[in-house]
There are 2 protein chains.
Amino acid sequence: MTDPHPRESLSDQIRRGALLSTDCPSREVLKRMTSLWGLLVLMILRDGTRRFSDLRRAAAGVSEKMLAQTLQGLEADGLIDRHAFPVIPPHVEYSLTPLGIEAAERVAALADWVEVNLPRVMEARATRLAAE
Amino acid sequence: MTDPHPRESLSDQIRRGALLSTDCPSREVLKRMTSLWGLLVLMILRDGTRRFSDLRRAAAGVSEKMLAQTLQGLEADGLIDRHAFPVIPPHVEYSLTPLGIEAAERVAALADWVEVNLPRVMEARATRLAAE
DNA sequence: CAGTATCCCTTTTGATACTG
DNA sequence: CAGTATCAAAAGGGATACTG
């Protein structure tokens, strides 16, 4: 079994097809982080610990199924912690791990860039539309 | 028509549902940037101008349909430039716009983080698996 | 070469109902 | 409360054939 991530530049990895190739796990990790709900969960949890139902409210529009799926994926990746209190009714809290804090920062940087530059993007779309 | 992006903190926008709400265009922009092919195209073009067929080779596995669709989306967003030479056979070159260069940097930062920290993520997944 | 058009299959997602 | 199970709807994406 060869290491799919030798020490070479990122663009070299792209050329070699290692980065994000179908069989590279990084693709899945990136997907979970940049999916709409994954991204929202990471950003919401930057503000602190949240319960399942809090997250449902904060990530407006998410279904129970998708939220549960998203949380499980991020937890498996080690980006968030799940702490269940053994009480009835159930009480479960989610929070970012140190790894998740780092990840959330990058994701937030990207989302922030889009928010800040959205006017420029919208202008580009309008200009293009007007030209037709 | 009210401005969906007033000057308030990002987390306030999330709470208000403005960021990435179904009817906010930022969601679509982010989606194009973080889609597998969108991300790859942005990163490949960081190395310089490429022709359509070059991109097909560089982004191994992409279909003509998806590449064309991706390029049109990124072009409409003002992230890449399309320059068609009026010759036969056709010759079309794609490159990053100044806006696209900024965007590509953020995307690359995220992808780099995932690549660098993949071992930590994989370890988290393995640990979790072993605990069952 | 650089696409577009069409068909079809797979994956994703949402609604709803149910459980510990 | 915090999920799981199930089914139907919708979107995503590939293979192929065709065009300027």
Side-chain angles (χ1 to χ4, degrees), chain A residues 17 20-25 27-41 44-45 49-77 80-95 128 132, chain B residues 17 20-23 25 27-41 44-45 49-76 80-95 128 132:
Chain A
L20 299 180
S21 72
T22 310
D23 58 334
C24 179
R27 175 172 166 180
E28 295 304 317
V29 176
L30 200 54
K31 192 172 183 176
R32 275 187 289 275
M33 286 173 59
T34 61
S35 71
L36 177 60
W37 306 128
L39 182 141
L40 276 179
V41 165
I44 292 165
L45 289 182
T49 296
R50 289 280 189 285
R51 296 182 59 171
F52 186 87
S53 48
D54 292 335
L55 285 169
R56 271 212 75 185
R57 267 184 296 277
V62 71
S63 65
E64 288 189 351
K65 178 180 157 188
M66 289 313 297
L67 181 55
Q69 216 171 86
T70 300
L71 289 169
Q72 285 163 10
L74 294 176
E75 189 199 0
D77 285 348
I80 65 178
D81 263 335
R82 176 184 184 275
H83 184 59
F85 298 85
V87 297
I88 293 179
H91 181 122
V92 181
E93 293 187 343
Y94 293 92
S95 58
R128 160 152 294 274
E132 281 171 17
Chain B
L20 299 179
S21 73
T22 311
D23 57 335
R27 175 172 165 179
E28 295 304 317
V29 176
L30 200 53
K31 194 171 182 176
R32 276 187 288 275
M33 286 174 58
T34 60
S35 70
L36 176 60
W37 305 127
L39 183 140
L40 275 179
V41 165
I44 292 165
L45 288 183
T49 297
R50 289 281 190 284
R51 296 182 60 172
F52 186 87
S53 48
D54 291 336
L55 285 168
R56 270 212 76 183
R57 267 184 295 277
V62 71
S63 65
E64 288 189 350
K65 177 182 160 186
M66 290 312 299
L67 182 55
Q69 214 171 88
T70 299
L71 290 170
Q72 285 163 10
L74 294 176
E75 189 198 0
I80 65 178
D81 263 336
R82 177 183 183 277
H83 184 59
F85 297 86
V87 297
I88 294 179
H91 181 121
V92 181
E93 293 187 344
Y94 293 91
S95 58
R128 159 152 295 275
E132 282 171 17

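Remember, it's a predicted structure, so these values are computed and weren't measured experimentally. So you know, we letter chains A, B, ... as the sequences are listed, proteins then strands, and number each from 1. Worth knowing before you read on, the calculation uses all heavy atoms, side chains too, and leaves out hydrogens, waters and symmetry mates.
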- Message: Quick check for you: to the nearest 0.5 Å, what is the distance between B:Leu39 atom CG and A:Arg27 atom CZ?
- Response: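 Result: 11.0 Å between the selected atoms.
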- Message: Can you measure A:Glu93 atom CD to D:dG3 atom C1' for me and round it to whole angstrom units?
- Response: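 These atoms are roughly 16 Å apart.
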- Can you tell me how far P of C:dG3 sits from CD of B:Glu75, to the nearest Å?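 Between P of C:dG3 and CD of B:Glu75: 9 Å.
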Any N/O pairs under 3.5 Å between the protein and nucleotides 4-7 of chain C? List them or say none.
residue : atom : partner : partner atom : Å
C:dT4   : OP1  : B:Gln72 : NE2          : 3.2
C:dT4   : OP2  : B:Gln72 : NE2          : 2.9
C:dT4   : O4   : B:Glu64 : OE1          : 3.2

Mind checking [X] for me? I need base, sugar-phosphate or nothing, with any heavy atom below 4.0 Å counting as a touch.
X: B:Arg82; result: sugar-phosphate
X: B:Tyr94; result: sugar-phosphate
X: A:Pro90; result: base

- Message: Of the options D:dA2, C:dG14, C:dA2, whose atoms approach the side-chain atoms of B:Arg51 most closely?
- Response: C:dA2
When the side chains of residues 82-94 of chain A are checked against the rest of the protein, which donor-acceptor pairs come out under 3.5 Å, sequence neighbours left out?
residue : atom : partner : partner atom : Å
A:Arg82 : NE   : A:Tyr94 : OH           : 3.4
A:His91 : ND1  : A:Arg51 : NH1          : 3.1
A:His91 : NE2  : A:Glu93 : OE2          : 3.2

- Earlier contact from the 5' end, DNA chain C, for A:Lys31 and B:Val92: B:Val92
- Item | End-to-end axis angle, where each axis spans five pairs of the helix from C:dC1-D:dG20 to C:dG20-D:dC1, to 10° |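 Taking the rotation axis at each end, their angle is 50°.
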Report all side-chain donor-acceptor pairs from residues 60-74 of chain A shorter than 3.5 Å, counting only partners two or more places apart or in another chain.
residue : atom : partner : partner atom : Å
A:Ser63 : OG   : A:Met66 : N            : 3.2
A:Thr70 : OG1  : A:Met66 : O            : 2.7

Side-chain donor-acceptor pairs of residues 29-38 of chain B under 3.5 Å, sequence neighbours excluded:
residue : atom : partner : partner atom : Å
B:Arg32 : NE   : B:Asp77 : OD2          : 2.7
B:Arg32 : NH2  : B:Asp77 : OD1          : 3.0
B:Arg32 : NH2  : B:Asp77 : OD2          : 3.2
B:Thr34 : OG1  : B:Leu30 : O            : 2.8
B:Ser35 : OG   : B:Arg32 : O            : 3.1
B:Ser35 : OG   : B:Gly38 : N            : 3.1

- Task: Give the minimum heavy-atom separation between A:Thr49 and A:Ser95, together with the two atoms involved.
- Result: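 Looks like OG1-CB, 3.5 Å.
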- Set of residues satisfying side-chain hydrogen bond (donor to acceptor under 3.5 Å, both in side chains) with respect to B:Asp54, sequence neighbours excluded: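 B:Asp54 satisfies side-chain hydrogen bond (donor to acceptor under 3.5 Å, both in side chains) with B:Arg57 once adjacent residues are dropped.
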